[in-house]
Amino acid sequence: MPPEIAFLAAHGVTIPQLIKAKRYALLWGVTPSEALLALGFMDEEAFYRALAAETGLPLLPADIAVSPSAPYDLGIRAGIVALQPNRRHLAFAIAPRGSAVQELLLRGPKLARQGVALVSPRRLAERVMAASADRIAQRAANELPDEDPALSARDGATKAQVISLATAVGAASFMATLAPDTMQQVVIGMISLVFLAMITVRLACCLERVPIRQRRKPALAPDDEERGDEHLPVYTIIVPLFRETRVLRQIVGALQALDYPAAKLDIKLVLEEDDAPMRAAVRAMEMPNFIEVLIAPVGQPRTKPRALNVALPLARGEFVVVYDAEDVPDRDQLRLAVATFARMPRSVVCLQARLVIDNLKDGLLATLFAIEYMALFDVINPGLASYGLPLPLGGTSNHFRTQVLRDIKGWDAWNVTEDADLGVRLACRGYDVADLPSATLEEAPMQLGAWMRQRARWMKGWMQVCVTHSRMPLTTARALGGAGSLGVLTMAFGTVATALGYPLFAALAVIAMTRLVLNGGAVPVSSMADAGFAALALVVFAAGFVSMLLPPVIGIARRGPWRLMLYVPLLPFYYVLVSVASWRGLAGLVTSPFNWNKTEHGLSARRRSLQITGSSEDLSPRRPVRV
């Protein structure tokens, strides 16, 4: 037996369990102690108590505080922190992992004389985060805006932006009084150009043929298709949880079901300090050793990206993925992501998996939401990725190269649609986002009020993206290049403009069509300019209508079921609701820019049945991709 686990035979671990841990250590390419803990043969606390007894090191007493002055993230990842002066003359606390356990068994008696105490990694993280709560809260919220305020939504619009907008509105109003017809044509012409750019991009995405699932086994490296689990890297999973007691069992079950070596999973559930029901629910569950619970200190703003920024500095994985509380990803999604990253150039730093609504039978609203997701994640996003254009990330199932994400300071805690902002910032840095043909099941809101609050928050965040990345437009345009600027123009500004103006332009289109019919198909024009604008309006209307309905049709054809085609004609009316939510988002941008409208999960029939069974098996994808 390897010495780092052999001593556990005297602490309740059976010989067959030790043999199995040794075998899995070889299969996974980890140390025997990591395999033993991942297999659940021993609780983490019990393991470190046994290790303390074997080495003669004292366990860290509860009354000795860790020093808050050292970098908390490095201390937790390295497993060693300094202690505050104490009567027991203990200077350091260590939480060894992997090969460090074997070294500790050799050096234990010597370390005991040097004032070293032993503690489990989980307890070390708890003690360090409690001691550094203020610094953690400050860093999670303000690391990005403190380093580069121009890249964060924290400070809102600049004086130059406000003055420029006021000047443009004033000039337009003045011109409208002098030459109203001319001004109307100019405004409509400029907006039509933005619409045409957006229409062109959407239709171009429809031309790309992309698979719903991976069609063949991908290699982990371009020259090697037979590399095994020992070469898989450690993968960090971050799951922010706020008032999500309904789906806690589901997400834990889905994470445990992932087809990835348990010893190479670094799963972090992030809870809010003042969310007492959530903390109680987590304490009541028996968590596997590879799932760690982090407590985000109280602070502002209360947003999902702030919670993600709490966990990011502590990530041990080469890659990191974000899942939402209600997510059920394909079991092999992490393997597919690793293989895809290996085939891609280093400039590809993010993969966006496909988000699929699984409760589309829960009413008309959920059905239309599911169709909208098919259009976005099965057609538009894969098409944008194939053209190398910036992607509007989906907020969940984003897989990142961890170091790059740290380098750009993670997420903007002050943007309530942090995924869209991050997609633009990655593009400005010259990085690419690729499509990952793997599904993650999600739950759509079923009630109009819940849907409206969620969509208003999304649109408010898109407006924050527009404000943030228009502060220095020339700098942003140079960083993005021509194609990237077109992508951001259509993705961010086009999304906001079309959502806000949809009812007006739909009404104008109906009026124009009515006049056309009443005039027997003839367009009354008084000049060449009128004829040109009439032709432009006709092209925008026809092409816009096609670009609105074609992506959903293609998405349904790719993902199914075909019966959803019957609901496509209802999408123009659905987009009226999107416009209403957008105007609510605009009002929220003025009155409460950082307020996070929480979406409740676990309300669908499938999720409610899951709360009774306590299993996520029935929600797992029926045909997962096997790598």
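Hydrogens, waters and symmetry mates play no part in the numbers below; they use all other heavy atoms, side chains included.
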- Message: Can you give me the closest heavy-atom contact between L39 and A21, atom names plus distance?
- Response: CD1-CA, 4.0 Å
- Distance in Å, D412 CG paired with L144 CG, rounded so as to fall on 0.5 Å steps: 5.5 Å
- Shortest non-hydrogen pair, N359 vs I357, comes out as OD1-CG2, 3.2 Å
- Task: Report the C-alpha distance between R457 and T599 in whole Å, list the side-chain angles of each, state the deciding distance to 0.1 Å, and finish with yes or no for side-chain contact (heavy atoms from CB on, under 4.5 Å).
- Result: CA-CA 10 Å; R457 171 173 60 82; T599 304; 4.1 Å; yes
What donor-acceptor contacts under 3.5 angstrom involve side-chain atoms of residues 385-393, with partners at least two apart or in another chain?
from: S386; atom 1: OG; to: E208; atom 2: OE1; distance (Å): 3.2
from: S386; atom 1: OG; to: G383; atom 2: O; distance (Å): 2.6
from: Y387; atom 1: OH; to: A204; atom 2: O; distance (Å): 2.9
from: Y387; atom 1: OH; to: E208; atom 2: OE2; distance (Å): 3.3

- Query: Can you check side-chain contact (heavy atoms from CB on, under 4.5 Å) on R401 and L405, steps first, answer last?
  - Reply: CA-CA 6 Å; R401 298 187 191 271; L405 193 55; over 6 Å; no
- Residue pair L294 / M129, side-chain heavy-atom distance below 4.5 Å: yes
- Scan side-chain atoms only and decide if D432 and S347 contain a donor-acceptor pair under the 3.5 Å cut-off. yes
- Where at least one partner belongs to residues 15-44, residue pairs that pass salt bridge (charged side-chain N to carboxylate O under 4.0 Å, His left out), sequence neighbours excluded: E44-R122
- Could you tell me if the ring centre of F341 sits under 6.0 Å from that of F319? yes
- Message: Are L312 and L308 packed together at the side-chain level, in the sense that at least one heavy-atom pair is separated by less than 4.5 angstrom?
- Response: no
- Message: Any heavy-atom pair between the side chains of L37 and F47 that's under 4.5 Å?
- Response: yes
- Query: Any sub-3.5 Å donor-acceptor pair from S132's side-chain atoms to R135's backbone N or O?
  - Reply: no
- Identify, with sequence neighbours excluded, every residue that meets ring-ring contact (aromatic ring centres under 6.0 Å, His included) alongside Y323. none
- Look at the side chain of T417 and the backbone N and O of W458, then say whether any donor-acceptor pair between them is shorter than 3.5 Å. yes
- Report yes or no: do Q102 and S99 form a side-chain donor-acceptor pair below 3.5 Å? no
- Message: Can you pull out every salt bridge (charged side-chain N to carboxylate O under 4.0 Å, His left out) where at least one residue sits in residues 95-105? Sequence neighbours excluded, please.
- Response: E103-R107
- Does T236 use its side chain to pair, donor to acceptor, with the backbone of A315 at less than 3.5 Å? no
- Item | ring-ring contact (aromatic ring centres under 6.0 Å, His included) partners for W28, two or more places apart | Y24
- Query: At what distance, to the nearest 0.5 angstrom, does CH2 of W596 lie from CD of Q454?
  - Reply: 9.5 Å
- Message: Can you give me the closest heavy-atom contact between L241 and L248, atom names plus distance?
- Response: CD1-CD1, 4.0 Å
- Message: Checking side-chain polar atoms at under 3.5 Å, does Q333 have a donor or acceptor matched by the opposite partner on T440?
- Response: yes
- Message: To the closest 0.5 Å, what do you measure between CD1 (I5) and CG (L18)?
- Response: 5.0 Å
- Message: Between E230 and K264, does any side-chain N to carboxylate O distance fall below 4.0 Å?
- Response: no
- Query: So K598 and E244, salt bridge (charged side-chain N to carboxylate O under 4.0 Å, His left out) or not? Walk me through it.
  - Reply: CA-CA 10 Å; K598 178 73 175 67; E244 297 286 6; 2.6 Å; yes
- Item | Residue pairs, two or more places apart or on separate chains, that pass salt bridge (charged side-chain N to carboxylate O under 4.0 Å, His left out) and touch residues 271-282 | E272-R302, E272-R306, D274-R302
Side-chain donor-acceptor distances from residues 421-428 under 3.5 Å, at least two apart:
from: D421; atom 1: OD1; to: H469; atom 2: NE2; distance (Å): 3.0
from: D421; atom 1: OD2; to: R425; atom 2: NE; distance (Å): 3.0
from: R425; atom 1: NH1; to: I408; atom 2: O; distance (Å): 2.9
from: R425; atom 1: NH1; to: G410; atom 2: O; distance (Å): 3.4
from: R425; atom 1: NH2; to: G410; atom 2: O; distance (Å): 2.5

- L104 vs I94 side-chain heavy atoms within contact, under 4.5 Å: yes
- Query: Would you say the side-chain atoms of W414 pair up with the backbone N or O of A141, donor to acceptor, closer than 3.5 Å?
  - Reply: yes
- Would you say the side chain of D324 lies within less than 4.5 Å of the side chain of V239, judging by non-hydrogen atoms? no
- Any pair with a residue in residues 254-283 that passes ring pair (Phe, Tyr, Trp, His ring centres under 6.0 Å), sequence neighbours left out, goes on the list, sorted by first then second residue, please. Y235-Y260
- F242 side chain reached by M278 side chain, heavy atoms, under 4.5 Å: no
- Nearest heavy-atom approach of A413 to P301 is O-CG, 3.1 Å
- Quick one: does N309's side chain have a donor or acceptor within less than 3.5 Å of a partner on A140's backbone? yes
- Item | side-chain hydrogen bond (donor to acceptor under 3.5 Å, both in side chains) partners of N398, counting only residues at least two apart | Q352
- Item | Heavy-atom pair with the smallest gap, counting every atom of Q250 and D327 | NE2-O, 3.6 Å
- Salt bridge or not for D378 and R558, using N-O below 4.0 Å? no
- Item | Nearest-0.5 Å distance that lies between atom CZ in R559 and atom CD1 in I554 | 14.5 Å
- Side-chain (Y48) to main-chain (P96) donor-acceptor, under 3.5 angstrom: yes
- Query: Taking only residues two or more places apart in sequence, or in another chain, which ones meet F377 in a ring-ring contact (aromatic ring centres under 6.0 Å, His included)?
  - Reply: Y373
- Task: Can you measure from CG (L360) to CD (E443) and round to the nearest 0.5 angstrom?
- Result: 12.0 Å
- Query: Is there a donor-acceptor pair under 3.5 Å between the side chain of R77 and the backbone N or O of P313?
  - Reply: yes
- Message: By the salt bridge (charged side-chain N to carboxylate O under 4.0 Å, His left out) test, which pairs, at least two apart or in different chains, include something from residues 311-321?
- Response: D266-R316
- Do you know the tightest heavy-atom contact between P32 and E4? CD-OE2, 3.3 Å
- Item | Any donor-acceptor pair under 3.5 Å from N289 side chain to M42 backbone | yes
- Item | side chain to side chain donor-acceptor pair (under 3.5 Å) partner of R335, the single match among T340, D330, D229 | D229
- Check whether more than 12 heavy atoms from other residues, nucleotides or ligands sit under 6.0 Å from atom CD of E45, and answer yes or no. yes
- Heavy-atom distance under 4.5 Å between the side chains of K268 and I237, does that happen here? no
- Note on the structure: Rounding to 0.5 Å, atoms CG (N381) and CG (L355) come to a distance of 8.5 Å
- Does a side-chain heavy-atom distance below 4.5 Å link E418 with T303? no
- Note on the structure: W462 meets the ring-ring contact (aromatic ring centres under 6.0 Å, His included) criterion, sequence neighbours left out, with none
- Charged N-O contact under 4.0 Å between E442 and R354: no
